[in-house]
Amino acid sequence: MSSNTANSSTARGRRPLSAWKATIAVAMSNYIEAGAIIALATSLSLWQEAFGFDDAVVGVVAALSANAFGAAIGAAIGGPLCDRLGRKFIYTYDLIVFMIGALAVTFSPNLTVLLIGVILMGIAVGAGVPASWTYIAEEAPNEHRAAHVGTAQLAWSIGPAIGFLLAVVVGPLGLLGSRLIFFHLFVIAAVTWWVRRGLPESRRWKTEREAAIAAGNRPSFFSGIIGLLREPKNWGALAFLIGVYGLWNTVAGQAGIFQPRVYDAAGLHDPMQQNLLQVLVWSLTAAGTYFGFMRYGDRVRRKWLYFGGAALGIVAWAVLIYAPPGLFSLLFFAVTWGISAGIGAQAFYGLWTAELFATRYRASAQGMLFMLARVMVGLLSVVFPTLLTSLGLGGLGVIILGLLVAALLIGTIWAPRTEGKSLEEIEHERYGGHVPTIAEESGASPAAR
């Protein structure tokens with residue numbers, strides 16, 4: 001290890017409290033963003049009844065939300081901007097867009113305003129998630145990187161748990177109750193935005209940026225994407241992470257937005273009971289994240305931790321889909337899927353994406369991958385309500401289980417060994433000690449620089 005790397009590691013080791021403060025402040029956006037998905041999931045039927053649209057429009061609303069295409073648009077913009085202007089630029093302004101969208105949904109008088117609000121919230125989520133995961137990983141101590149990245153997943157889990165619980169509490173108010181849930185997201189986003197204003201920029205990004213400027217290179221909006229795609233070593237990492245996260249998230253995305261309808265197809269028809277079951281799912285996801293991923297992600301061989309979570313998820317869906325409907329299958333699904341999601345693909349995706357790409361295009365990689373994952377969710381979301389009605393849960397089971405099995409195999413077979421290493425060490429190993437500069441990528445010789 002170089003002296004600079006050692007000094008950097010030592011510096012990070014001396015400031016655990018400030019590192020955790022920054023982690024928690026940035027991770028709070030994950031609570032808000034996941035809460036937005038659940039707020040829409042618990043209210044879709046109410047909006048449908050109030051504004052009089054059919055199942056096809058339900059699919060369109062879901063597909064344009066923070067769960068799918070809305071987030072994909074935000075990620076496509078936010079990832080490159082995060083590498084161009086800094087991590088702080090995104091997490092300073094993304095919540096402003098989110099708050100505008102939340103207010104639009106809260107007071108929406110018709111389908112058009114509802115769609116505008118849903119899309120704005122989705123764009124903010126897509127921009128914010130790559131920035132938050134990138135920032136947290138870059139600022140985390142090397143020996144506790146999984147624990148810090150897991151904090152974002154923990155916040156992502158707590159958001160839905162509280163969201164579904166609120167849906168139970170305000171259920172008697174009907175659509176007004178759902179509007180109040182969206183308004184609560186606005187309030188929390190405003191407080192989080194205020195707190196995050198004082199956070200510093202990522203030191204790794206600042207160092208990279210200063211070196212580029214000193215060399216006469218000023219990255220453009222597309223520099224991160226161009227650099228990412230021009231390096232062949234990145235292609236395998238991109239394919240690996242699409243396999244791990246994209247395939248898993250195509251299933252999890254339908255569960256996030258359409259799970260009440262899935263429960264209805266499985267024989268549980270009472271909305272309050274559906275929401276309470278989801279409170280259990282997400283509470284166990286939070287527990288699995290804290291006691292599983294955050295506790296052991298820096299200590300054990302990660303491929304086996306990933307395998308355990310992925311295998312639990314497959315068993316959970318197999319029982320829900322094919323076991324006789326009833327209390328046992330529903331509770332078994334809630335427990336196993338909840339724990340699985342806590343130590344599953346999303347937490348590993350946030351960690352591995354930060355580790356497998358160089359600093360100068362790390363956020364662009366996050367943005368591209370998150371965009372592709374949300375597009376995959378959106379494509380299925382457009383037709384999921386219709387397919388669920390026409391094929392039934394059993395008919396969709398082949399697709400769901402096939403995606404989950406593929407994600408398990410890809411993540412287990414090709415899991416990287418990055419535990420305990422600094423981002424600089426991983427970068428040195430992957431790129432042979434040299435990441436091409438902007439000038440080199442554009443064809444200029446070292447002498448020309």
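The structure presented is a predicted model; accordingly, all values stated were derived computationally and were not measured.
Contact detail for Phe186 and Ala102: the closest heavy-atom pair is CB-CB, 4.0 Å. Listed here is the closest heavy atom pair of Thr289 and Gly150: CG2-O, 3.3 Å. Here the closest heavy-atom approach between residue Asp298 and residue Asn142 is recorded as OD1-O, 4.5 Å. Across all non-hydrogen atoms, the minimal contact from Val262 to Leu320 is CG1-CD2, 4.0 Å. Across Ile77 and Pro80, no two heavy atoms sit closer than the pair O-CD, 3.5 Å. Contact detail for Trp352 and Leu241: the closest heavy-atom pair is CB-CD2, 3.8 Å.
The distance from atom CG of Leu404 to atom CD1 of Ile399, rounded to the nearest 0.5 Å, is 12.0 Å. For the atom pair Ser132 OG and Arg196 CZ, the distance stands at 7.5 Å (nearest 0.5 Å). In this structure, CG on Leu85 lies 9.5 Å from CD on Glu201, to the nearest 0.5 angstrom. From Phe370, atom CZ reaches atom OG1 of Thr353 across 10.5 Å, with rounding to the nearest 0.5 Å. To the nearest 0.5 Å, the span separating CD1 on Ile400 from CD1 on Ile321 amounts to 4.5 Å. Rounding to the nearest 0.5 Å places CD1 of Ile38 at 9.5 Å from CD of Gln259.
Here the side chain of Thr192 pairs no donor or acceptor atom with the backbone of Ala189 at under 3.5 angstrom. With hydrogens and angles disregarded, no donor-acceptor distance shorter than 3.5 Å links the side chain of His428 to the backbone of Glu425. The closest donor-acceptor contact from the side chain of Trp205 to the backbone of Asp83 lies under 3.5 Å. A distance-only check finds no donor-acceptor pair linking the side chain of Asn249 to the backbone of Ala252 [under 3.5 Å]. Proximity of a side-chain donor or acceptor of Thr412 to a complementary backbone N or O of Leu409 within less than 3.5 Å is not detected. In this structure, Arg145 contributes its side chain and Lys421 its backbone to a donor-acceptor pair below 3.5 Å. Although no hydrogens or angles enter the test, the distance criterion places no donor-acceptor pair under 3.5 Å between the side chain of Asn30 and the main chain of Glu33. No donor-acceptor pair under 3.5 Å is formed between the side chain of Lys88 and the backbone N or O of Pro200.
Side-chain contact between Ser157 and Tyr290 is absent, with no heavy atoms from C-beta onward closer than 4.5 Å. Residues Leu280 and Phe164 are not in side-chain contact: their nearest non-hydrogen atoms beyond the backbone lie 4.5 Å or more apart. Counting heavy atoms from C-beta outward, Met28 and Tyr31 have side chains that approach closer than 4.5 Å. By the 4.5 Å heavy-atom criterion applied to side chains, Val129 and Trp156 are counted as neighbours. Between Met368 and Leu229 there is a side-chain heavy-atom pair separated by less than 4.5 Å. Counting heavy atoms from C-beta on, the side chains of Ile136 and Thr151 never come closer than 4.5 Å. The shortest side-chain heavy-atom distance between Leu380 and Val251 does not fall under the 4.5 Å cut-off. Between Leu277 and Leu331 the shortest side-chain heavy-atom distance falls below 4.5 Å.
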Do Phe182 and Leu40 pass the side-chain contact (heavy atoms from CB on, under 4.5 Å) test, and can you show the C-alpha distance, the side-chain angles, and the key distance before you say yes or no?
CA-CA 8 Å; Phe182 279 98; Leu40 187 61; 4.3 Å; yes

Does the pair Trp414 and Ile410 meet the rule for a side-chain contact (heavy atoms from CB on, under 4.5 Å), with working shown?
CA-CA 6 Å; Trp414 288 287; Ile410 293 169; 4.1 Å; yes

The test is side-chain hydrogen bond (donor to acceptor under 3.5 Å, both in side chains); show your working for Arg302 and Thr418 and say whether it passes.
CA-CA 9 Å; Arg302 288 174 181 164; Thr418 51; 2.9 Å; yes

Would Phe357 and Leu238 satisfy side-chain contact (heavy atoms from CB on, under 4.5 Å), going step by step from the backbone distance to the final call?
CA-CA 9 Å; Phe357 300 100; Leu238 289 169; 3.8 Å; yes

Verdict with supporting geometry, Trp47 and Leu111, side-chain contact (heavy atoms from CB on, under 4.5 Å):
CA-CA 8 Å; Trp47 296 113; Leu111 177 61; over 6 Å; no

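Taking the six-membered ring where the residue is Trp, Tyr349 and Trp133 present perpendicular rings, their angle passing 60° and hence far from 30°.
Between Tyr93 and Phe89, a ring centre-to-centre spacing shorter than 6.0 Å is recorded. No close placement of the Phe348 and Tyr245 rings is indicated, their centers lying 6.0 Å or farther apart. Between Phe333 and Trp317, the distance from one ring center to the other falls under 6.0 angstrom.
Relative to the six-membered ring of Trp194, Arg197 meets both conditions, a distance below 6.0 Å and an angle of at most 45° to the axis. For the pair Arg295 and Phe291, the cation does not sit on the ring face, since its NZ or CZ is not both under 6.0 Å from the ring centre and inside 45° of the axis.
Using modelled atom types and a 3.5 Å distance limit, the side chains of Thr359 and Arg362 yield a donor-acceptor pair. A side-chain N or O of Tyr361 and one of Asn234 form a donor-acceptor pair less than 3.5 Å apart. For the 3.5 Å distance criterion, the side chains of Gln153 and Gln346 qualify, holding a donor opposite an acceptor. For the residue pair Ser43 and Arg179, no side-chain donor N or O sits within less than 3.5 Å of a side-chain acceptor on the partner.
Salt bridge Glu424/Arg204: present, at least one basic N to carboxylate O contact under 4.0 Å. A salt bridge is absent between Arg430 and Glu355; no separation between the charged side-chain nitrogens and carboxylate oxygens falls under 4.0 Å. In summary, Glu138 and Arg87 engage in a salt bridge, as defined by a charged side-chain N under 4.0 Å from a carboxylate O. A salt bridge between Glu419 and Arg299 is absent, with no side-chain N of the basic residue lying under 4.0 Å from a carboxylate O of the acidic one.
Heavy atoms of other residues, nucleotides or ligands lying less than 6.0 angstrom from CZ of Phe53 number more than 12.
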